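Worksheet: the structure to be examined is printed underneath.
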Amino acid sequence: MQQLVKQHNDATLAELCDLLEETVGVRISVTTMFRMLQKLKITLKKNTASR
């Protein structure tokens, strides 16, 4: 998971769910993704200038 977030550091939670599904074939909800990132102590930093 850390590798996925590191490679796509500006992705939204929904985008990370899509990427996880493409990578491992498992679909999880945005809420589950949020909780998993919290447990792993991974924070998402957004680049507001590019959005």
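This structure is a prediction, so every number in the text was calculated from the model and none was measured.
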Applying side chain to side chain contact (heavy atoms under 4.5 Å, CB included), can you list everything that pairs with Q3, at least two apart in sequence or on another chain? Q7
If only atom types and distance count, is the side chain of T23 paired as donor or acceptor with the main-chain N or O of L19 below 3.5 Å? yes
Please report the shortest heavy-atom distance between S29 and C17, naming the atom on each side. O-SG, 3.5 Å
Salt bridge (charged side-chain N to carboxylate O under 4.0 Å, His left out) pairs, two or more places apart, involving residues 26-38: D18-R27, E21-R27
Please report the interatomic distance CG(L20) to NE2(H8), rounded to the nearest 0.5 Å. 11.0 Å
Begin from the C-alpha positions of M33 and M1 and carry the test side chain to side chain contact (heavy atoms under 4.5 Å, CB included) through to its verdict. CA-CA 10 Å; M33 177 63 75; M1 179 53 62; 4.0 Å; yes
Answer yes or no: is there a side-chain heavy-atom contact under 4.5 Å between V30 and L16? no
For the atom pair CE (M36) and OG1 (T31), what is the distance rounded to the nearest 0.5 Å? 12.0 Å
How long is the gap from CG on N9 to OG1 on T43, to the nearest 0.5 Å? 10.5 Å
I would like to know whether L13 and L37 meet side chain to side chain contact (heavy atoms under 4.5 Å, CB included); could you show each step before the answer? CA-CA 10 Å; L13 289 171; L37 293 176; 3.7 Å; yes
